[in-house]
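Structure first, then comments.
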Amino acid sequence: MLERHGLATKKSLGQNFLVNDEVIGRICHLSEVGADDTVLEVGPGIGTLTAALLPRAAHVLSVERDPDLPAVLDETLGGFDNFTLVSKDALDLSNDDLQTAFGQAAAEGAAPTKFIANLPYAVAATLVLDYFQRFESIQSATVMVQSEVADRMSAEPGVKDYGAYTVKLRLLAKPAGRFQVSPGNFFPPPHVTSSVIRLDRRNDQPISSDEARLASLAADAAFALRRKTIANSMKTYLSGRANMKEASANVPAILERAGIDARRRGETLTLEEFIELGRVLGAYLDA
């Protein structure tokens, strides 16, 4: 297909196209995509995964930044009337873009319910967290990422992969399934092992946007110096920020009020402890 259009994969865009139908089937199965779902896809490539999603979903909106690929997608997906392509960098995608793409359907409430994609590895972690934060209609993400990134997404307290990113993502979503994918399933084969991971939006313990912001701040402070105690890490992080001088001076009191031993390290804290730490921390931030 690429040769027919005079194209080649572009390393600069992280293009490793998935070419194994069995893996594509497993992605569709894990995502549980159905006839009522509107799917948001990033990096459709030549449309291999997209073509499998379209008969299963109500609509698929794909975001592609490579200006050479729309002509290929016209050929591979031309037989579907429930496909929309947005030619844009996925990092810049906005709600306005979605409304424009869906037209009247957006005005009637259409919005992506599932994020399903073989993601460019360089931006995968950023996109998953960003889309859960900005597009509240997304109820699950089933994405191909580098295995190390999947480890961070699914990590539990006490392991080396558990960090500030894990906490921020876990405030919004939780792991719901995963499988490994070897390099030979791609063209060209990447130099890393991949994983498909599903993350479901947390609806069991909803928290406000302000609570999430403060818990995220607490996580950044707790993991600023991973090998130090949480007290030392927080003091170092907060003292370097203009509106957090009071909080920096009161780290021992903040930890005591939150019920957290100052000698612990950030990776031992549960999500609930980060939420409580953020709540207490917020009371000490400078006006």
Side-chain angles (χ1 to χ4, degrees), residues 30 119 121 124-133 140-181 192-208 211-241 244 247-248 250-282 284:
L30 180 61
L119 292 174
Y121 290 161
T126 299
L127 275 178
V128 171
L129 178 59
D130 184 45
Y131 280 15
F132 268 120
Q133 289 174 332
S140 71
T142 304
V143 290
M144 179 88 70
V145 298
Q146 191 171 336
S147 287
E148 288 78 3
V149 173
D151 290 341
R152 291 169 59 200
M153 290 175 169
S154 59
E156 296 295 334
V159 302
K160 65 180 181 65
D161 294 305
Y162 185 75
Y165 176 85
T166 313
V167 174
K168 293 174 184 178
L169 182 59
R170 198 62 55 82
L171 289 165
L172 300 167
K174 55 187 177 182
R178 174 180 175 178
F179 63 88
Q180 296 286 100
V181 183
V192 298
T193 300
S194 308
S195 289
V196 174
I197 185 170
R198 172 173 161 174
L199 299 153
D200 288 350
R201 183 177 291 279
R202 296 182 65 98
N203 294 313
D204 53 339
Q205 295 176 311
I207 62 174
S208 69
E211 287 175 317
R213 177 182 63 83
L214 290 170
S216 296
L217 173 62
D220 283 333
F223 287 102
L225 300 173
R226 282 194 71 104
R227 297 187 178 182
K228 300 295 185 181
T229 65
I230 190 170
N232 287 334
S233 182
M234 287 185 64
K235 187 172 182 63
T236 299
Y237 180 88
L238 297 171
S239 64
R241 283 153 179 79
M244 301 180 187
S248 175
N250 287 280
V251 166
I254 292 170
L255 291 170
E256 183 177 0
R257 284 184 59 187
I260 296 170
D261 189 330
R263 296 168 294 181
R264 291 173 64 183
R265 293 185 178 180
E267 62 263 29
T268 69
L269 271 64
T270 64
L271 180 66
E272 291 71 21
E273 287 177 312
F274 273 114
I275 293 172
E276 177 62 15
L277 181 58
R279 186 189 67 78
V280 176
L281 178 60
Y284 285 85

* Structure fact -> One should read off an interatomic distance between Asn250 CG and Met244 CE, to the nearest 0.5 angstrom, of 14.0 Å

* Under a 4.5 Å cut-off applied to non-hydrogen side-chain atoms, are Leu281 and Leu214 in contact? -> no

* Where Val145 and Tyr121 come nearest, the two heavy atoms and their spacing -> C-CE2, 3.5 Å

* To do: Check the pair Arg227 / Glu267 against salt bridge (Lys or Arg N to Asp or Glu O under 4.0 Å), numbers first and verdict last.
  => CA-CA 10 Å; Arg227 297 187 178 182; Glu267 62 263 29; over 6 Å; no

* Rounded to the nearest 0.5 Å, what separation is found between the CG atom of Asn203 and the CG atom of Leu172? -> 10.5 Å

* **CG on Leu199 to OG1 on Thr142, rounded to 0.5 Å** => 8.0 Å

* Over all atoms of both residues, closest heavy-atom pair of Phe223 and Tyr162 -> CE2-O, 3.6 Å

* To do: Would you please test Asp200 and Arg198 for salt bridge (Lys or Arg N to Asp or Glu O under 4.0 Å) and show each step?
  => CA-CA 7 Å; Asp200 288 350; Arg198 172 173 161 174; 2.8 Å; yes

* Asked: Which atom pair, heavy atoms only, marks the closest approach of Arg263 to Thr229?
  -> O-CG2, 3.7 Å

* **Polar side-chain atom of Ser154 near backbone of Pro175 as donor-acceptor pair, under 3.5 Å** => no

* To do: Step by step, work out the side chain to side chain contact (heavy atoms under 4.5 Å, CB included) result for Val143 and Val196.
  => CA-CA 5 Å; Val143 290; Val196 174; over 6 Å; no

* Ignoring hydrogens and geometry, is there a side-chain-to-backbone donor-acceptor pair from Ser233 to Ala221 under 3.5 Å? -> yes

* Can you find a pair of side-chain heavy atoms, one from Val149 and one from Ile197, that are under 4.5 Å apart? -> no

* **Beyond-backbone contact of Arg264 with Leu269, side-chain heavy atoms, under 4.5 angstrom** => yes

* Asked: Between atom CE of Met144 and atom CZ of Phe179, what is the distance when rounded to the nearest 0.5 Å?
  -> 6.0 Å

* **Contacts of type ring-ring contact (aromatic ring centres under 6.0 Å, His included), residue Tyr237, not counting sequence neighbours** => none

* Specify the closest pair of heavy atoms between Val280 and Ile254, including all atoms of both residues, with the distance to one decimal. => CG1-O, 3.6 Å

* To do: Measure across Ala231 and Val251 and return the closest heavy-atom pair with its distance rounded to 0.1 Å.
  => O-CG1, 3.7 Å

* **Residues, nucleotides or ligands: over 12 heavy atoms within 6.0 Å of Glu148 CD** => yes

* To do: Would you sort out whether Arg202 and Phe132 count as a side chain to side chain contact (heavy atoms under 4.5 Å, CB included), showing the intermediate values?
  => CA-CA 10 Å; Arg202 296 182 65 98; Phe132 268 120; over 6 Å; no

* Going from NZ on Lys160 to CZ on Arg152, what distance comes out if it is rounded to the nearest 0.5 angstrom? -> 11.0 Å

* **Evaluation steps, side chain to side chain contact (heavy atoms under 4.5 Å, CB included), between Leu171 and Ile275** => CA-CA 9 Å; Leu171 289 165; Ile275 293 172; 3.8 Å; yes

* Considering residues at least two apart in sequence or located in another chain, which fulfil the side-chain contact (heavy atoms from CB on, under 4.5 Å) criterion with Gln180? -> Ser147, Arg178, Thr193, Ser195

* Report yes if the side chains of Ile260 and Leu277 come closer than 4.5 Å at any heavy-atom pair, otherwise no. => yes

* Are side-chain heavy atoms of Leu255 and Asp261 found at a separation under 4.5 Å? -> no

* Asp220 versus Lys168, closest heavy-atom pair with distance -> OD1-NZ, 2.8 Å

* Hey, is the main chain of Ser208 close enough, under 3.5 Å, to the side chain of Glu211 for a donor-acceptor pair? -> yes

* Asked: Rounded to the nearest 0.5 Å, how far does OG1 of Thr270 lie from CZ of Arg170?
  -> 11.5 Å

